[in-house]
Amino acid sequence: MKKEGKSCIALFASGSGSNVQAIAEAVQTGEIPAHIALLVCDQPDAYVIKRAEQLNIPVFSFRAKEYASKAEFEQEIVHRLREAGVDFIFLAGYMRLIGETLLHAYRGKIVNIHPSLLPAFPGKDAIGQAFNAQVKIAGVTVHFVDEGMDTGPIIDQESVRMAEDETRESLQRKIQEVEHELYPRVIKKLLTEAVMEGITE
Ligand code: GAR
């Protein structure tokens with residue numbers, strides 16, 4: 001639902017939230033034409049929640065184990081998203097597979113960032129996987145979410161060259177720097193196109 005001509009988006013995260021921060025800053029400067037209506041977080045102790053509070057983003061946090069099933073907590077999430085008028089979901093370090101309930105409610109409108117050049121190194125610790133494989137080119141992918149693990153259609157990618165003396169930590173820093181620039185740029189493009197194509201209400 002558009003608010004003052006802007007798309008309403010939700011961010012999903014589980015950890016530190018540096019990508020949430022980068023997206024929120026791009027929203028604040030007006031680079032991304034959106035209103036962040038909700039942060040969904042499955043780790044109530046995660047640092048991203050503190051960031052959201054400082055950024056004045058409403059938070060829904062939950063513990064999966066307090067629900068009988070994935071369908072049950074996703075129903076609650078969908079309810080909160082609908083209530084907040086959310087059009088698009090951007091996963092920013094949300095370390096959980098999206099299930100049928102959310103996919104059905106927001107098909108084609110859920111986007112993820114993953115720290116590898118997919119289809120290489122899907123799943124957990126993609127940066128560690130790339131580092132251990134000693135690839136020459138690592139990178140970042142932004143893609144639509146489907147039922148699989150990091151398998152949906154690719155929207156954009158950017159490569160990161162491994163230096164001779166690269167460490168796991170320095171690679172992570174380089175990848176995160178790329179993420180913080182790439183993700184806001186892709187979000188801006190998607191939302192601008194969506195508004196032009198009348199996808200948002
Ligand atoms: C990011 O590097 C993101 O690409 C990755 O989690 C990190 C979250 O960092 N996501 C995945 O691995 C998803 N499969 P952040 O909490 O500082 O934004």
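Worth saying up front: this structure is predicted, and the values here are computed from it rather than measured. All values below were derived from every heavy atom in this structure, side-chain atoms included, with hydrogens, water molecules and symmetry-related copies excluded. Position 1 is the first residue of the sequence; numbering continues from there. First listed ligand is number 1; within each ligand, the first listed atom is number 1.
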> Hey, does the side chain of His79 reach the backbone of Gln75 with a donor-acceptor pair shorter than 3.5 angstrom?
Replying inline: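 No; zero donor-acceptor contacts below 3.5 Å.
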>> Quick one: does any side-chain atom of Gln157 pair with a main-chain N or O of Leu118 as donor and acceptor, under 3.5 Å?
In response: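 Yes, because the side chain of Gln157 sits within donor-acceptor range (under 3.5 Å) of the backbone of Leu118.
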Salt bridge present between [X] and [Y] (N-O < 4.0 angstrom):
X	Y	value
Arg168	Asp125	yes
Glu166	Arg173	no
Glu76	Arg80	yes
Arg107	Glu147	yes

What protein heavy atom sits nearest [atom], and how far off is it?
atom	value
atom 8 (C) of ligand 1	Gly93 CA, 3.7 Å
atom 10 (N) of ligand 1	Ile113 O, 3.6 Å
atom 17 (O) of ligand 1	Ser18 OG, 2.6 Å
atom 7 (C) of ligand 1	Gln176 NE2, 4.0 Å
atom 5 (C) of ligand 1	Pro115 CD, 3.8 Å
atom 14 (N) of ligand 1	His114 ND1, 3.0 Å

>> So for atom NZ, which belongs to Lys188, do other residues, nucleotides or ligands contribute more than 12 heavy atoms lying within a distance under 6.0 Å?
In response: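 Atom NZ in Lys188 is not crowded, with 12 or fewer foreign heavy atoms closer than 6.0 Å.
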> Hey, is Gln172 one of the residues with a heavy atom under 4.0 angstrom from ligand 1?
Replying inline: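 No; Gln172 lies far enough from ligand 1 that no heavy-atom distance drops under 4.0 Å.
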> Any heavy atom of Ala13 sitting closer than 4.0 Å to ligand 1?
Replying inline: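 Contact absent.
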> Are Arg82 and Tyr106 in a cation-pi setup, meaning NZ or CZ lies under 6.0 angstrom from the ring centre and within 45 degrees of the ring axis?
Replying inline: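 Verdict for Tyr106: a cation-pi partner in Arg82.
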>> Using a 4.0 Å cutoff against the non-hydrogen atoms of Glu179, which atoms of ligand 1 qualify?
In response: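 Every atom of ligand 1 under 4.0 Å from some heavy atom of Glu179: 1 (C), 2 (O), 3 (C), 4 (O).
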>> Just to be sure I read this right, does ligand 1 sit under 4.0 Å from the backbone of Ile127, its side chain, both, or neither, counting only heavy atoms?
In response: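 Ile127 to ligand 1: no contact under 4.0 Å from either part.
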> Should the proximity of Lys124 to ligand 1, defined as any heavy atom under 4.0 Å, be assigned to the side chain, the backbone, both, or neither?
Replying inline: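 Looking at Lys124 and ligand 1, no heavy atom falls under 4.0 Å.
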> Out of Gly123, Gly15, Gly17, whose heavy atom sits nearest atom 16 (O) of ligand 1?
Replying inline: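 When every heavy atom of Gly123, Gly15, Gly17 is considered, Gly17 comes closest to atom 16 (O) of ligand 1.
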